[in-house]
Amino acid sequence: MNFLKNIFTKKEDPIQSYDDFWNWFKKHERSFYQFVKHKGDVETFFFAKIAPRLAELKDGFFFLTGMLDSDTVELILTADGAIKNFVFVEELVAAAPEIKGWKFTALKPPTDIKNVSIQMAGYSFAADNISFYANEHASMPDEIDITVVHDALTEDNKRTIINGTYIFLDNFIGELNFATTIDMIKIVGKKDVKADLVPIEKLKDFLIWREKEFVEKYEGVRRNTDADGYAMLEAELENGLGLVAVINTELLQWDAKASHPWIVNLEIKYNGEANRGMPDDATFKLLNEIEDEIIAELKDYDGYLNIGRQTAEGSREIYLACNDFRKPSKVLQAKKLKYAGELEMDYNIYKDKYWQSFNRFMNTGAL
C-alpha cells in the first residue's frame, strides 16, 4: 500500500479553475480507474479524494461512478437537483479532457424505462407499479402539474414511498428534466386517484409535448421595465423592527409572467442591530451598488426582470424573474465571491411560472 501513500500524501497544488481540477485528476486517474473497475474501496480511494478537490472549486458538486462497459468508467457529476449549481457542473464537464477509459457526464442522465427499477426499504419502484396523470388549471394554463401514483403508498409508508418515487423519477427522466420541466408534483396512493391513470413510461413524451408548446408560445417574449412604476411599502414587524420593500407593482400585473419562470432570490446579510434592522448609510450605499451591478449585467431586454427588493431584520433580499437560470447563477456567484470579505451573501433559484412567490406584494397595503 506504500504506492497509495506516495500518490495521495504529497502536497497538492490548490484547485482554482476547471483546468486545475482536470490536471490534478489526470495525475491520479489510473489509480481511480483501477479501484472502480476492480470494485476496490472506491469510497476511500476515489470519492474521499475528489470531494475536497471539487469543494475547492465550489460547494455543491456531487458525483456517482460505475462501469459503463467492461473498459469504461463513467463519472457522473451532479448538482443533486440544486438548479443554481447546474451551470457549474455543466461547465466542469465541458472542460474535461479526453482520457482513455473514462466518460464524464454532466447531471444524472435520463434512463430507458426498461432499466429503471429501484428497491428501497422492501418496496419496489418500477413501471409496473407507478403511473401518473396531469392536472389542469384554468388560471395557470402553462403550469405542468402532475400527480404520480404508487400502488403501494399508504399513510404508514408514505415518507418511504415518496422518497423512493422521487429517486425513480430522477433516474427515469434525468436530473435536468426533473428539475426544469415539472412545476408541481404530488405523490399519492391508489385510493386518492382523481383521474384516469397514464403509464409512467409515457411521462417523457408528455413533458416534451408540453415543453414544446411552452417554448412556441413564449419564445422571444421580452419586457422593457424602464417606464414601470415602483411602489414603496413599509411595515412594522411583530418584533417591532421595520420592513421596507420597493416593488415593481406594474410588472406584477404582467400577463406573460410564465415567459420568465425562473425566480432569483438573493439575500445579503448585514448588521442592523443599531438601526431597527435597517442598514446604516454606508451599508445602504454598498447594498445599492451591488444591486446596480447585478442589474447592469442582467438586463431586462435579455430576459432578466428586476421585481424589486425587501429590507428588514439585517437582511436585504433582491428579486428577479428570468427566462434562464444559467447566467444568473454565474453572475450571483461572482458577486458572492467579490463581496465575501464585506457582506454575507447567498442566493436561490427556483421555478415559479406565475410568480406566486410575490402574491404578498399584490395588495400594496399589506406585506
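For clarity, every value in this text was computed on a predicted model and none was experimentally measured. Numbering starts at 1 and runs along the sequence shown.
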> What is the ring orientation for Phe178 with Tyr166, classed by angle as parallel under 30°, tilted 30 to 60°, or perpendicular over 60°?
Replying inline: tilted

> Can we say Lys114 and Glu201 salt-bridge, meaning some charged N sits less than 4.0 Å from an Asp/Glu carboxylate O?
Replying inline: no

> Does one side chain, of Tyr270 or Glu342, offer a donor that lies under 3.5 Å from an acceptor on the other?
Replying inline: no

> Backbone N or O of Leu68 within a donor-acceptor pair of the Thr72 side chain at under 3.5 Å?
Replying inline: no

> Should Phe21 and Tyr33 be regarded as members of a common hydrophobic cluster, given that ILVMFWY residues are connected when their side-chain heavy atoms come within less than 4.5 Å of each other, either directly or indirectly?
Replying inline: yes

> Would the number of heavy atoms belonging to other residues, nucleotides or ligands and lying under 6.0 Å from NZ of Lys330 be above 12?
Replying inline: no

> Around Met184, counting heavy atoms of other residues, nucleotides and ligands shown, do more than 12 lie under 6.0 Å from its CE?
Replying inline: no

> Given the rule in the side-chain hydrogen bond (donor to acceptor under 3.5 Å, both in side chains) test, do Asn348 and Asn265 qualify, once you have shown the distances and angles that lead to the verdict?
Replying inline: CA-CA 5 Å; Asn348 189 25; Asn265 184 342; over 6 Å; no

>> Can you confirm whether Phe168 sits close enough to Ser124 that some side-chain heavy atom of one is under 4.5 Å from a side-chain heavy atom of the other?
In response: no

>> Working note: Asp280 + Thr283, criterion side-chain hydrogen bond (donor to acceptor under 3.5 Å, both in side chains); need CA distance, chi angles, decisive distance, verdict.
In response: CA-CA 5 Å; Asp280 59 30; Thr283 304; 2.8 Å; yes

>> Before you tell me yes or no, could you show the steps for Asn306 and Thr225 under side-chain hydrogen bond (donor to acceptor under 3.5 Å, both in side chains), namely the whole-Å CA-CA distance, both residues' side-chain angles and the distance that decides it to 0.1 Å?
In response: CA-CA 8 Å; Asn306 181 14; Thr225 59; over 6 Å; no

>> Looking at Asn224, I want to see if its CG is surrounded by more than 12 non-hydrogen atoms of other residues, nucleotides or ligands under 6.0 Å.
In response: yes

> Between Tyr319 and Glu317, what is the shortest heavy-atom contact and its length?
Replying inline: OH-OE1, 2.8 Å

> Side-chain heavy atoms under 4.5 angstrom apart, residues restricted to Ile, Leu, Val, Met, Phe, Trp, Tyr: same cluster for Ile144 and Phe172?
Replying inline: yes

> Do the rings of Phe32 and Phe46 sit parallel, tilted or perpendicular, given the 30° and 60° boundaries?
Replying inline: parallel

>> Between Lys257 and Asp352, does the salt bridge (Lys or Arg N to Asp or Glu O under 4.0 Å) criterion hold? Intermediate values first, please.
In response: CA-CA 9 Å; Lys257 293 184 182 77; Asp352 180 3; over 6 Å; no

> Any chance NZ of Lys190 has more than 12 other-residue heavy atoms, nucleotides or ligands included, within less than 6.0 Å?
Replying inline: no

> Which atom names give the shortest non-hydrogen contact between Ala245 and Phe361, and what distance separates them?
Replying inline: CB-CE2, 4.1 Å

> Would a distance-only check, ignoring hydrogens and angles, find a side-chain to backbone donor-acceptor pair under 3.5 Å from Glu175 to Leu107?
Replying inline: no

>> If hydrophobic clusters are built from ILVMFWY residues whose side chains come within less than 4.5 Å, do Met140 and Ile185 share one?
In response: no

> In terms of side-chain heavy atoms, does Tyr18 have a donor or acceptor partner in Glu91 at a distance below 3.5 Å?
Replying inline: yes

>> Do Asp151 and Asn129 pair up side chain to side chain, a donor and an acceptor below 3.5 Å, judged on atom types alone?
In response: no

>> Can you confirm whether Lys186 is buried at NZ, in the sense that more than 12 heavy atoms of other residues, nucleotides or ligands lie under 6.0 Å from that atom?
In response: no

> Do the side chains of Ile50 and Met67 join up, straight or via other hydrophobic residues, at under 4.5 Å, putting them in one cluster?
Replying inline: yes

> Ring centroid separation for His260 and Trp355, is it under 6.0 angstrom?
Replying inline: no

> Is there a side-chain hydrogen bond (donor to acceptor under 3.5 Å, both in side chains) between Arg316 and Asn288 once you walk through the steps?
Replying inline: CA-CA 10 Å; Arg316 169 164 293 182; Asn288 288 346; 2.7 Å; yes

> Is Lys336 close to Asp346 at the side-chain level, that is, under 4.5 Å between some pair of heavy atoms?
Replying inline: yes

> Is any side-chain heavy atom of Lys335 closer than 4.5 Å to a side-chain heavy atom of Met345?
Replying inline: yes

>> Does any part of the side chain of Phe358, heavy atoms only, come nearer than 4.5 Å to the side chain of Ile263, both counted from C-beta?
In response: yes

>> Taking the ring centre of each residue, are Phe88 and Phe61 less than 6.0 Å apart?
In response: no

> Which heavy atom in Ala79 sits nearest to a heavy atom in Asn85, and how many Å separate them?
Replying inline: CB-CB, 3.8 Å

> Does CG belonging to Asp69 count more than 12 external heavy atoms closer than 6.0 Å?
Replying inline: yes

> Using the ring of each side chain (for Trp, its six-membered ring), is Trp22 parallel, tilted or perpendicular to Phe25, with breaks at 30° and 60°?
Replying inline: perpendicular

>> Pair Asp300, Arg222 - check salt bridge (Lys or Arg N to Asp or Glu O under 4.0 Å), show working.
In response: CA-CA 7 Å; Asp300 56 2; Arg222 295 292 183 271; over 6 Å; no

> Is it the case that more than 12 heavy atoms not belonging to Glu273 sit under 6.0 Å from its CD atom?
Replying inline: no

> Looking only at heavy atoms, which two atoms of Ser315 and Glu267 are closest? And how far apart?
Replying inline: OG-OE2, 2.8 Å

> Between Ile161 and Met120, is any pair of side-chain heavy atoms under 4.5 Å apart?
Replying inline: no

>> Would Lys84 pass as a cation-pi partner of Tyr347, given that its NZ or CZ must be under 6.0 Å from the six-membered ring centre and within 45 degrees of the axis?
In response: yes

>> Go through it in stages, so that I can follow the logic: the residues are Arg53 and Asp20, the test is salt bridge (Lys or Arg N to Asp or Glu O under 4.0 Å), and I'd like the CA-CA distance, side-chain angles, deciding distance and then a yes or no.
In response: CA-CA 10 Å; Arg53 306 260 72 189; Asp20 287 346; over 6 Å; no

> When the ring planes of Trp262 and Phe325 are compared, do they come out parallel, tilted or perpendicular, using 30° and 60° as the limits?
Replying inline: perpendicular

>> Can you confirm whether Glu213 is buried at CD, in the sense that more than 12 heavy atoms of other residues, nucleotides or ligands lie under 6.0 Å from that atom?
In response: yes

> Between Lys299 and Leu305, is there a donor-acceptor pair closer than 3.5 Å when you use the side chain of the first and the backbone of the second?
Replying inline: no

>> Are Val148 and Tyr133 packed together at the side-chain level, in the sense that at least one heavy-atom pair is separated by less than 4.5 angstrom?
In response: no

> Would Leu57 end up clustered with Val89 when hydrophobic side chains under 4.5 Å apart are linked, directly or stepwise?
Replying inline: yes

> Of Lys353, Lys217, Arg210, which is the lone residue that meets salt bridge (charged side-chain N to carboxylate O under 4.0 Å, His left out) with Asp142?
Replying inline: Lys217

> If you take all heavy atoms of Ala256 and Val221, which pair is closest and at what distance?
Replying inline: CB-CG1, 4.2 Å

> Does Asp192 use its side chain to pair, donor to acceptor, with the backbone of Val188 at less than 3.5 Å?
Replying inline: no

>> I need the minimum non-hydrogen distance between Phe132 and Pro199, along with the two atoms involved.
In response: CE2-O, 3.5 Å

> With a 4.5 Å heavy-atom cut-off, do Ile118 and Tyr123 have their side chains touching?
Replying inline: no

> Looking at side-chain heavy atoms only, is the closest gap between Phe214 and Glu219 below 4.5 Å?
Replying inline: no

>> Please evaluate residues Lys327 and Glu297 with respect to the criterion salt bridge (Lys or Arg N to Asp or Glu O under 4.0 Å), reporting the C-alpha separation (whole Å), side-chain torsions for both, the decisive distance (0.1 Å), and the verdict.
In response: CA-CA 9 Å; Lys327 184 175 180 180; Glu297 293 186 58; over 6 Å; no

